[in-house]
Amino acid sequence: MNKIIYIIIYFSFLFCNSFLIDQNFAQINIDDMSYHKPFLGGFNKPKVQWLDWDYDGDDDLFLLDEDGSIKYYNNQLFDENSEFVLISTHYFDFEPISWFYIADFDQDLEYEIIIQDYNNINQMIYYDIIDSNLIFLGTVYDNLSEPVISDPVMTPTFVDIDNDGDLDFFTGNMIGTITYYENIGFNNFSFTPDFELITIFWEEIYIVGPSNRHGASAIKFIDIDNDNDYDLSWGDYFQQSLYIIKNEGTADIPDMDNINVMTYYPQNFPVITAGLNMPSFTDIDGDLDMDLFVTVLSGAYGYQLIDNFIYFQNNEGEYDLITNEFIETLDLFSDIYPELVDIDNDGDLDLFIGTDVDFSSLPWFGKIKFFENISTVDNEPVWSLSSSEYLGGEVGNNLSLDFGDIDNDSDFDLVVGDFNGRVKLYINIGSQNSPNFIFDNFIFDNNNQNIDLSGYSVPKLVDIDNDNDLDLFIGEMSGSIFFYENIGTSLLHDFVLVSNDFDDINVGSRSAIDFIDIDFDNDLDLFVGSQNNGIVIFENIGSMQSPQFIINENINIPFLGLNTIPALYYDNGKINLISGLSTGGAYYLSYESCSLAGDFNQNLVVDIVDIIFLINIILDDLLYESVCPYDINNDFSIDVIDIMLLVDIILSS
């Protein structure tokens, strides 16, 4: 009976636990740049839309990146200065998509959304939004009951091109033309907008890049010359700048100048990027004119994975370049692998980041970057870049890392995984205060075989069996986990492969692992990042000597993006998570829980002191913002039943 009660208590306690994103945590200094919001994830191929989502008079930001999820940033405007606060990394909870458009399509003064169809990526589906709830209404069709078509590599747009009060649909074609669907009303049965295909060669616009090449496009209409009709701005795969096509007609009847196409824009300071630029416009500074933003999706001229959210301020009709990094945050091109350790023994955690590739210098290898914690304030780290090539410039690509004292000399040694699936060992021949790492060798198993997995090896050193030596776990490309037990000693390691499919755990692809005791039961639980499935938590229901892991769905971690790399650590009893991402940045999350069940004084022990604590709460009839820590049976009241259950927890432990 006691065990049954304990299980009920335990799982009700876990139900209210979650990791929450904190974008105001820490500061990162790189050269002369200080990032006060360093953990906003980075940007690789941002597609954006501006609109006043909360109806407060300023435009908020919706952003879709390579992970296919829509992120929502609320615009908090203060004294004409916009500050965009990240609200969600997975708004609307859609499956991965490559484009979206939010608007009031049915003119009910509320927003609806059209997105790319998951199952038919050249089609689109329509949702009504009622009280922030999505109502799926189906595929969008034309008047001949054929699906409205958009090539999946295009970024289409909607605009009222004929000034009749509804939104028409435009999409690019691979041959360099534009398809135009006129909005002809609403379907009375499906409650979706109806469109009529007018032409696949609208206004005889024919965009041809260098050497007669055609490509993907991202288009947007804007009255760029203030003559009360819509002009066309066009970013193309084979164009490093923007095309601008002027409307010489009227608001009702467009007449596009398809001869005198502007090929570089803005005229006074043309944008030049890697190609496939997405233009967008909003009055960001509240001066009643439309400012220009260019996000770089990367085209024929390489990858532009940083400096790709460009802001031009409208200054009396001319656009002045303000910044290439409109949302300033840590961004190290692509996949990053964070790890925290007090490497200089000064009592605070320093930050190391392994990277996939660094395009800032040739040859293109990954780097290990060392950020020393120079903060003088507890719990407010300031990580300052101390070395941009910590182990040198040619260590490999996709560099993951972990620290542990593998030779029991009281300082941290280092293991490094890479793109090829190998694991290297670097021995610290320095000291606790002043480390000095030298390459020792590749990690071998007890058969003297080089550990060389399928790819993307992510090693983790941990004493999983409580025998006072460090064992080795490795996440890798197939999504499973390799476990090598250390059958040597704390002085001389000897790894033997126990399992290439540890506990049958598989997250699909690119498993990335870290351990922490999330439930304070004195054994290590397991966090596994993945390529597509976010971070998955596995609870250890075994013991310190004999672990057994099962998936835990009661602790919530929001979907953060692709290639999630978790790094967990304690900070004054609090559990924190920094996750690296495919976009070259990271998110920081703090663990909000109801604390250890019954541990009201948070000393990590449930005992008679906690019973007295709970009795005093009941006797004093104290009110708290949340009853969660004290309402053990989850009946939304604090009473004698909770005392009885607390006693049972102590007796069962």
Side-chain angles (χ1 to χ4, degrees), residues 19-21 23 37-49 61-73 84 86-102 113 115-119 121 125 134 152-155 216 218 276 278 280 295-298 303-306 308-309 326-327 329-338 353 355-357 398 400 456 458 475 477 479 507-512 527-536 556-567 577-589:
F19 281 87
L20 302 178
I21 293 176
Q23 62 184 5
K37 291 187 176 183
F39 297 119
L40 290 176
F43 308 102
N44 273 7
K45 298 181 179 182
K47 300 178 181 179
V48 305
Q49 185 182 353
L61 171 63
F62 290 86
L63 186 149
L64 177 71
D65 213 314
E66 64 185 14
D67 60 8
S69 293
I70 298 173
K71 300 167 183 62
Y72 167 45
Y73 299 80
F84 286 87
L86 177 64
I87 303 300
S88 174
T89 58
H90 194 42
Y91 211 60
F92 301 119
D93 292 332
F94 290 135
E95 296 179 36
I97 55 177
S98 68
W99 67 268
F100 71 98
Y101 199 90
I102 305 170
I113 184 169
I115 67 171
Q116 180 189 48
D117 191 335
Y118 313 117
N119 300 313
I121 59 176
I125 50 181
L134 287 172
V153 301
M154 304 297 167
T155 305
L276 192 48
M278 180 179 178
S280 62
T295 53
V296 184
L297 310 184
S298 294
Y303 294 102
Q304 188 161 331
L305 304 181
I306 61 172
N308 52 11
F309 198 155
F326 177 67
I327 295 181
T329 192
L330 176 71
D331 195 337
L332 300 175
F333 297 101
S334 57
D335 304 304
I336 70 167
Y337 301 76
I353 297 179
T355 69
D356 165 23
V357 63
N398 290 93
S400 60
Y456 299 108
V458 181
M477 186 163 60
V507 291
S509 57
R510 294 189 67 168
S511 51
F527 285 62
V528 186
S530 66
Q531 182 171 17
N532 299 299
N533 297 314
I535 298 173
V536 185
N556 177 57
I557 297 181
F559 181 78
L560 303 175
L562 303 180
N563 301 345
T564 46
I565 311 291
L577 167 65
I578 294 178
S579 176
L581 301 165
S582 71
T583 47
Y587 289 114
Y588 164 80
L589 301 91

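On a predicted model such as this, the values are computed, not experimentally measured, just so you know.
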Check whether any side-chain heavy atom of [X] lies under 4.5 Å from a side-chain heavy atom of [Y], and answer yes or no.
{"X": "Arg510", "Y": "Asn398", "value": "yes"}
{"X": "Thr564", "Y": "Tyr587", "value": "no"}
{"X": "Leu560", "Y": "Leu581", "value": "yes"}
{"X": "Ser511", "Y": "Val458", "value": "no"}
{"X": "Val357", "Y": "Ser334", "value": "yes"}
{"X": "Pro558", "Y": "His90", "value": "no"}
{"X": "Asn308", "Y": "Phe43", "value": "yes"}
{"X": "Ile557", "Y": "Leu577", "value": "yes"}

Atom OH of Tyr91: over 12 foreign heavy atoms under 6.0 Å: yes

[atom1] of [X] to [atom2] of [Y]: how many Å apart, nearest 0.5 Å?
{"X": "Ile353", "Y": "Ile336", "atom1": "CD1", "atom2": "CD1", "result": "4.5 Å"}
{"X": "Thr89", "Y": "Gln23", "atom1": "OG1", "atom2": "CD", "result": "11.5 Å"}
{"X": "Tyr337", "Y": "Ile565", "atom1": "OH", "atom2": "CD1", "result": "5.0 Å"}
{"X": "Leu40", "Y": "Thr583", "atom1": "CG", "atom2": "OG1", "result": "10.5 Å"}
{"X": "Gln304", "Y": "Thr295", "atom1": "CD", "atom2": "OG1", "result": "10.5 Å"}
{"X": "Ile113", "Y": "Phe62", "atom1": "CD1", "atom2": "CZ", "result": "7.5 Å"}

Contacts of type salt bridge (Lys or Arg N to Asp or Glu O under 4.0 Å), residue Lys37, not counting sequence neighbours: Glu83

Specify the closest pair of heavy atoms between [X] and [Y], including all atoms of both residues, with the distance to one decimal.
{"X": "Leu305", "Y": "Phe333", "result": "CB-O, 3.4 Å"}
{"X": "Leu134", "Y": "Phe92", "result": "CD1-O, 3.4 Å"}
{"X": "Ser98", "Y": "Lys47", "result": "O-NZ, 2.7 Å"}
{"X": "Ile578", "Y": "Ala586", "result": "CG2-CB, 4.0 Å"}
{"X": "Pro338", "Y": "Ala567", "result": "O-CB, 3.4 Å"}
{"X": "Glu66", "Y": "Leu562", "result": "O-CD1, 3.7 Å"}

Test side chain to side chain contact (heavy atoms under 4.5 Å, CB included) applied to Asn563 and Asp356, step by step: CA-CA 11 Å; Asn563 301 345; Asp356 165 23; over 6 Å; no

So, [X] side chain and [Y] main chain: donor-acceptor pair closer than 3.5 Å or not?
{"X": "Asn533", "Y": "Val507", "result": "yes"}
{"X": "Asp65", "Y": "Lys45", "result": "yes"}
{"X": "Gln116", "Y": "Ile121", "result": "yes"}

Residues Asn44, Tyr303; criterion side chain to side chain donor-acceptor pair (under 3.5 Å); working and verdict: CA-CA 9 Å; Asn44 273 7; Tyr303 294 102; over 6 Å; no

Aromatic centroids of Tyr73 and Phe84 separated by under 6.0 Å: no

Parallel, tilted or perpendicular: ring planes of Phe527 versus Phe19, cut at 30 and 60 degrees: perpendicular

Side chain to side chain donor-acceptor pair (under 3.5 Å) against Thr329, all qualifying residues, sequence neighbours excluded: none

